[in-house]
Amino acid sequence: QVQLVESGGGLVQTGGSLRLSCAASGRTFNTATMAWFRRAPGKEREFVAAINWADEITYYAASVKGRFTISREYTKNTMYLQMNSLKPEDTAVYYCAGDRATFYSSRYYSTASEYDYWGQGTQVTVSS
């Protein structure tokens, strides 16, 4: 089993930055792909970004590309999401997810049901 714990959320003004972290513990060799999803009030959970652990190939939703950067620190089993130029529409609970498979197709890496492991979420609020 893999445990995922997010941190780094908070309140920030429009145009500001935050960095989220997701620390993995347990059978971390089972996390070949990790991702960030978010759920805004009254909306469905949506894909934000994903990274393949071995080759660091990254994927982004169109709404965050150019503003957010996903990365991982292999030795610490930790994934990050650097969020810049934040907008009020980025307000959501951000969830870390992981899976044993390496995803190369958006059919898989952007689909929440493809991920086996989930964190509890961290709130990000962007004020206007």
Side-chain angles (χ1 to χ4, degrees):
Q1 189 70 320
V2 176
Q3 294 78 43
L4 303 176
V5 178
E6 304 97 335
S7 61
L11 173 64
V12 65
Q13 291 186 332
T14 296
S17 299
L18 281 174
R19 188 175 83 153
L20 305 183
S21 299
C22 173
S25 61
R27 299 170 70 86
T28 56
F29 55 84
N30 278 345
T31 50
T33 299
M34 293 188 72
W36 291 97
F37 287 78
R38 66 186 181 187
R39 176 174 283 162
K43 294 188 177 181
E44 296 289 318
R45 182 168 46 185
E46 66 172 354
F47 169 75
V48 176
I51 185 167
N52 289 339
W53 209 249
D55 54 23
E56 294 189 87
I57 293 177
T58 58
Y59 310 99
Y60 295 93
S63 59
V64 306
K65 197 168 187 179
R67 299 188 298 123
F68 291 10
T69 302
I70 190 171
S71 62
R72 64 105 168 104
E73 192 163 356
Y74 191 89
T75 57
K76 293 186 177 181
N77 291 317
T78 300
M79 175 179 68
Y80 304 98
L81 185 68
Q82 178 66 43
M83 305 186 295
N84 299 328
S85 302
L86 282 161
K87 306 174 182 180
E89 50 264 44
D90 295 317
T91 294
V93 177
Y94 283 70
Y95 297 92
C96 169
D99 195 76
R100 292 166 288 182
T102 301
F103 299 145
Y104 291 105
S105 167
S106 61
R107 173 182 174 182
Y108 300 106
Y109 63 70
S110 65
T111 303
S113 60
E114 293 293 332
Y115 291 85
D116 289 336
Y117 312 116
W118 289 88
Q120 294 300 308
T122 185
Q123 176 71 47
V124 171
T125 303
V126 185
S127 63
S128 57

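What you see below is based on every heavy atom in this structure, not just the backbone, and it leaves out hydrogens, waters and symmetry mates. Everything numeric in this text was worked out from a predicted model, so none of it was measured.
- In this structure, the side-chain contact (heavy atoms from CB on, under 4.5 Å) partners of Thr111, at least two apart in sequence or on a different chain, are Ser113, Glu114.
- Its side chain outside the 4.5 Å cluster rule for every partner, Tyr80 clusters with none of the Ile, Leu, Val, Met, Phe, Trp and Tyr residues.
- The backbone N or O of Ser7 lies less than 3.5 Å from no partner atom in the side chain of Ser21, so there is not a single donor-acceptor pair.
- Residues passing the salt bridge (Lys or Arg N to Asp or Glu O under 4.0 Å) test with Arg100 are Asp116, sequence neighbours excluded.
- Between atom CH2 of residue Trp53 and atom CG of residue Asp99 there is a gap of 13.5 Å, rounded to the nearest 0.5 Å.
- Other cluster members for Tyr104: Phe37, Phe47, Ile57, Tyr59, Val93, Tyr95, Phe103, Tyr108, Tyr109, Tyr115, Trp118, joined by side-chain heavy-atom distances under 4.5 Å among Ile, Leu, Val, Met, Phe, Trp and Tyr.
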For side-chain contact (heavy atoms from CB on, under 4.5 Å), just list the numbers for Arg67 and Asp90, CA-CA rounded to whole Å, side-chain angles, deciding distance to a tenth of an Å, and then say yes or no. CA-CA 11 Å; Arg67 299 188 298 123; Asp90 295 317; 2.7 Å; yes

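- The disulfide (SG to SG under 2.5 Å) analysis of residues 21-126, with sequence neighbours excluded, yields the pairs Cys22-Cys96.
- Partners of Lys65 according to the side-chain contact (heavy atoms from CB on, under 4.5 Å) rule, which considers only residues two or more places apart in sequence or in another chain, are Tyr60.
- In this structure, Glu6 contributes its side chain and Gln120 its backbone to a donor-acceptor pair below 3.5 Å.
- Judged as a salt bridge (Lys or Arg N to Asp or Glu O under 4.0 Å), and not counting sequence neighbours, Glu89 has no contacts.
- In this structure, the side chains of Thr14 and Pro88 come closer than 4.5 Å at one or more pairs of heavy atoms.
- Lys43 meets the salt bridge (Lys or Arg N to Asp or Glu O under 4.0 Å) test with no other residue; sequence neighbours excluded.
- Gln82 meets the side-chain contact (heavy atoms from CB on, under 4.5 Å) test with Ser17, Arg19, Thr69, Asn84; sequence neighbours excluded.
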N/O donor to acceptor pairs below 3.5 angstrom from side-chain atoms of residues 121-128, sequence neighbours left out:
unit_1, atom_1, unit_2, atom_2, d
Thr122, OG1, Gly9, N, 3.2
Gln123, NE2, Ala92, O, 3.4
Gln123, NE2, Thr125, OG1, 3.3

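- Using a 4.5 Å heavy-atom threshold, the side chains of Met34 and Tyr117 count as separate.
- Applying the salt bridge (Lys or Arg N to Asp or Glu O under 4.0 Å) test to every pair with at least one member in residues 102-113, sequence neighbours left out, gives no pairs at all.
- Taking Glu46 as the reference, Arg38 meet the side-chain contact (heavy atoms from CB on, under 4.5 Å) condition, with sequence neighbours excluded.
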